Amino acid sequence: MIDALWGWPPPVLDPAGPYSERVTILAWVLLAMALVVTLIVVIALWIAVKGPDSLKRKLGGEKTVWIGGIAFPGVVLSVLLVWGLMMTGSLSEPITGKEMRIRVVGEMWWFRVQYLDNQGRVVMDGANEIHIPTNVPVVLELTSADVIHSFWVPHLSGKKDMIPGRVTLLRIEADRPGVFGGVCAEYCGGPHALMGFVTVAHEPEEWKQWAVQRNIALGEAIEPFGSVDVAGALPVVDDDVPPRIPPTPIVGEAARGRALFMSVGCAACHRVAGTEANGLAGPDLTHVGSRRTLGAGILPNHLGTMMGWIGDSQAIKPGIRMPSYDRLPAEDIAAMAMWLEQQK
Amino acid sequence: MKSRITRQVPGRGLGLPGLARAGALTALALVSACKEPPTTRRMPDSAAASRGLALIDKVGCGACHEIPGLDWPKGRLGPSLAGFDDVGLIAGHLPNRPGTLAAFIRNAPAVKPGSTMPPMPLTEEQAADIAAYLYGIDND
């Protein structure tokens, strides 16, 4: 995530979708107007200090105050307000029910991601990574499990607060494939600065494949692929999509890692679908091996960082709720990391 | 340069500033006459070292190791790499030489069977850059 937010141009000036594009246009117009006003003030200042007397008299006259002090800002600001509201109106346009729905819950200090079908039922759990198809409007249902967080993918949209007990809606849409970094933009406690995520925009066909591999029922999760609008209908999977990747056989150290994961306590907080690990307090780890990042968008994901995270997460992200498992021998940590990295 | 100094010193007389100046110039002449450092001495390649630091950040070595020059993270699962150039043996086992270190960074279990440091997603050149950075850390 951090990588995805670096570089030039900064993400806010590099929109990757229609919603962020409007925010960017607004930002440039704001900047241009600020420059024009600054220029006017500097010229007036120069006249007041060094200009000829005739100009000075004009500058101090009643007419200048009426025109420059009341008419000009009144007209310009009114026009800008109306134009700005019209242009950004689509950011908050009403939900039609045809959009793809994803619920994102802010937690201290990570993001729970739930893909919903059009009935609002959860079809897949995830964490810290949001996968969307390009050129499809996505409505994010934002909420929080604890304190106020704020959801921000500068490439795709503006910020929106995640408020406990309420659901706020945010539209995002990507018009090109890519990995777009996101952050929590509202201070939410100690490790706030290390609370991030990535949004991955796929070409629709690629997204479809991704979803099928994870058993997301396409028919219901996303309208452009054909929806089933019957209340209580069971999710439908198209027949012409490639079959789900068979699970990797678990052997050797990974098998020992799996047993350790269940016995040393990880399963109390983490869920891995298809196993007895069913904890809901921490991020869902069902597909953790396929994620781009670890620790909520802060570390690259590979065997080494996974070991470092399990063994001493408190050194990496001090204050989080996951304890360091530094009492375990390194061989055990390695075995668990190996198994987790296989959870693609 | 040197010949100009020797010509000027006698002409300055014996005043105190002149003496001080003569002393300073003599010292300078002595220092500049010192032998050059031997060419065989290994000097860390600074371009490689700066690439190495960027790679360390990108790959996430800090998840397990404290590394000078890297503000975050400072992992504690593995040993601190401060003063690594002075360490006698890599992982208490292998001679601390650039080639060995690069190989260890890239695929530790292959070089030291049983090592709990896993293989890293790095090419050989990238591992060599990281080794160059680790040798270039000067915190003595």
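Values below: every heavy atom of this structure, side chains too, minus hydrogens, waters and symmetry copies. Not measured: the values here are computed from a predicted model. In what follows, chains are A, B, ... by sequence order, proteins preceding strands, each numbered from 1.
Between the A:H302 side chain and the B:V59 main chain, a donor and an acceptor come within less than 3.5 Å of each other.
Comparing A:A330, A:A315, A:G308 by heavy-atom pairs within less than 4.5 Å of chain B, the highest count is held by A:A315. Of the listed residues (B:R76, B:K74, B:H65), the one with the most heavy-atom contacts under 4.5 Å to chain A is B:R76. Among A:M306, A:M307, A:E331, the residue making the largest number of heavy-atom pairs under 4.5 Å with chain B is A:M307. Your options are B:P118, B:P119, B:G62, and the one with the most heavy-atom pairs under 4.5 Å with chain A is B:P118.
At a threshold of 4.5 Å between non-hydrogen side-chain atoms, the residues A:I316 and B:W72 count as touching.
Separating the CE atom in B:M120 from the OG1 atom in A:T305 is a distance of 7.5 Å, to the nearest 0.5 Å.
Contact annotation for A:I333: only side-chain heavy atoms (C-beta onward) come within less than 4.5 Å of a heavy atom of chain B.
Atom CZ of A:R176 is surrounded by more than 12 heavy atoms from other residues, nucleotides or ligands within 6.0 Å.
Scanning all heavy atoms of the two residues, the minimum distance from A:G311 to B:L77 falls at CA-CD1, 3.6 Å.
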